[in-house]
Protein chains: 2
Amino acid sequence: MPRVADHHARRGQITDAVQRLVVRHGLTAVTVARTAAEAGMSVGLVQHYFTAKDEMLLATFTRVNRRFSARVDELVNRGEAEGRTIAEMLRQALAELMPLDDARRAEFLVRLAFTDQAAHNARLAAVQRETHVGIRSRVAQAIRNGTVCGEVVQGTDAADQALRIVAFAEGLALHTHIDPDTTPKSAVLAALDDQLGRVFTGTCRRAQPGSSAAGGTVP
Amino acid sequence: MPRVADHHARRGQITDAVQRLVVRHGLTAVTVARTAAEAGMSVGLVQHYFTAKDEMLLATFTRVNRRFSARVDELVNRGEAEGRTIAEMLRQALAELMPLDDARRAEFLVRLAFTDQAAHNARLAAVQRETHVGIRSRVAQAIRNGTVCGEVVQGTDAADQALRIVAFAEGLALHTHIDPDTTPKSAVLAALDDQLGRVFTGTCRRAQPGSSAAGGTVP
DNA sequence: GCTATAACCGTACGTCTATATTGCTATCGG
DNA sequence: CCGATAGCAATATAGACGTACGGTTATAGC
């Protein structure tokens, strides 16, 4: 048998290079030549590991999504293990959606680019859908398992609550991306906190719907 | 003087063609040749009206955004003129964000594509930002002007409320796009209604935070 | 009706891209 | 130690793209 290489690692090098290029210059700037250069290898080698560019991009998106939902899962699991309330737990988990630091901003850009691409690519769309329903169902399960003021929530449509709270988080993430100046970190996290508190601690601490608990627009 | 043409109309034909192409095949599939064919003219003529492809795309995005926020404005204005409550008014206006029919789905796809592109193009980003802050500030003004249970809302940070409700709507829009099957029209509109009711009619009709008013997942 | 000029067309050019192909190199099994 | 084979590199190729450019047509003003 001939020489061997760590197939998985090599593919990882390539998809990581793709990610960096997407973050820096967008998905349109990703060419196999540039990817090879970024990964420090030849174009021929990239071809050796991905028969076509589409496969390379699909693998990249799959990896990103896997890592992403794994991280959300882990945070929810930890929250449950530590016996946190639903609000506390989801706050930790959903903050992962937001582009609040460089790492998460980078990931957000990649997800955004592929979200667009997925609109006209069935395989990317499938990966996207899978990830989204996975996260939503994990959140729903957490809501079902979780406690509010020491009691388990019941009678609520957890799947629906999950949709709403995840959608809210993603909307905030988008706004943070589009206009960070008028949507500062503090305001976004305050909004998320407030919303979670409003929904998941309402049975003991009555919400005061007319008043905002926002921390204002601190720079 | 030589023959004259309706400059504005011609440019409109071209940007409309770009929009159709984006909807059908995505922004990457937009070439000047294809755009010319779609618009029923020659490549030379497209060049005559847009010196470069970038200008063409920028003009397209600008037009889309202008139309979009004009429509939101109009709906808010109408709601105010008809003396609707904040919740009723915003429900009408924010439904415009969602891809619930073919026309709005098309517009959503265009906005999504350009949102991605704007991440690495300063001019597109500026247009995007402008549109977003415009809509948010209009919504904020509507909240300040609006009534809840016959009374004007006061003491609330309207800008912050606007951010939250618009972000929520956009998050729902994104989920509708990504997975229409598990995020049906009815559920999305119910979520929006419920959220608006929860926030803007709380002073008279106490919210019951633990219970969901969702209409279920009807096909 | 002449003419200047905008409107409009077709094509050629240079660049960039994905991918096919060819060949070299290192190493594992025998 | 040797050859089969995977790992890897370099180049060739065919096509698509944006845009420059030369040419044609029609019309507004004189």
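Because only heavy atoms are used, hydrogens play no part in the values below, and waters and symmetry mates are left out as well, while side chains stay in. Every chain is numbered from 1 and lettered A, B, ... according to where its sequence line falls, protein lines coming before strand lines. What you see is a predicted model, and the numbers here were worked out from it, not measured in a lab.
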- Task: Could you please name the option among C/dT17, D/dA9, C/dT19 that lies closest to any side-chain atom of A/Ser42?
- Result: D/dA9
- Figure out the CG/P separation between A/Leu45 and C/dT21, and round it to whole Å. 19 Å
- Message: Counting C-beta onward and ignoring hydrogens, is there a side-chain heavy-atom pair between B/Asn77 and B/Arg138 closer than 4.5 Å?
- Response: yes
- So does B/Arg123 pair up with B/Asp54, basic N to acidic O under 4.0 Å? no
- Item | Distance in angstrom units between B/His48 NE2 and D/dA20 C1', rounded | 15 Å
- Item | Position toward the 5' end of DNA chain D (nearest nucleotide), B/Gln47 or B/Val4 | B/Gln47
- Message: Distance check needed: D/dA26 C1' versus B/Arg3 CZ, whole Å only.
- Response: 4 Å
- Task: To the nearest Å, give me how far apart NE2 (B/His7) and C1' (C/dC8) are.
- Result: 13 Å
- To the nearest angstrom, the NE2-P distance between B/His25 and D/dC17 comes to 13 Å
- Task: Identify which nucleotide among D/dG18, C/dC8, C/dG10 has an atom closest to any side-chain atom of B/Lys53, counting heavy atoms from C-beta outward.
- Result: D/dG18
- Proximal nucleotide (of C/dA18, D/dC8, C/dT5) relative to the A/Ala5 side chain: D/dC8
- Query: Between atom CG in A/Leu21 and atom C1' in C/dT17, what is the gap in whole Å?
  - Reply: 15 Å
- Rounded distance in Å - CD1 (B/Ile14) to P (C/dC9): 11 Å
- Figure out the CZ/P separation between B/Phe50 and D/dT19, and round it to whole Å. 13 Å
- Query: Between B/Arg34 and D/dA16, does any side-chain N or O lie under 4.0 Å from OP1 or OP2?
  - Reply: no
- Task: Using distance alone, with no hydrogens and no angle criterion, decide if A/Arg104 and A/Thr176 have a side-chain donor and acceptor under 3.5 Å apart.
- Result: no
- Query: Starting at the 5' end of DNA chain C, which residue's closest nucleotide do you reach first, A/Thr28 or B/Tyr49?
  - Reply: B/Tyr49
- Do the charged groups of A/Arg164 and A/Asp160 touch, with an N to O distance under 4.0 Å? yes
- Backbone N/O of A/Ala29 and side chain of A/Arg34: donor-acceptor pair under 3.5 Å: yes
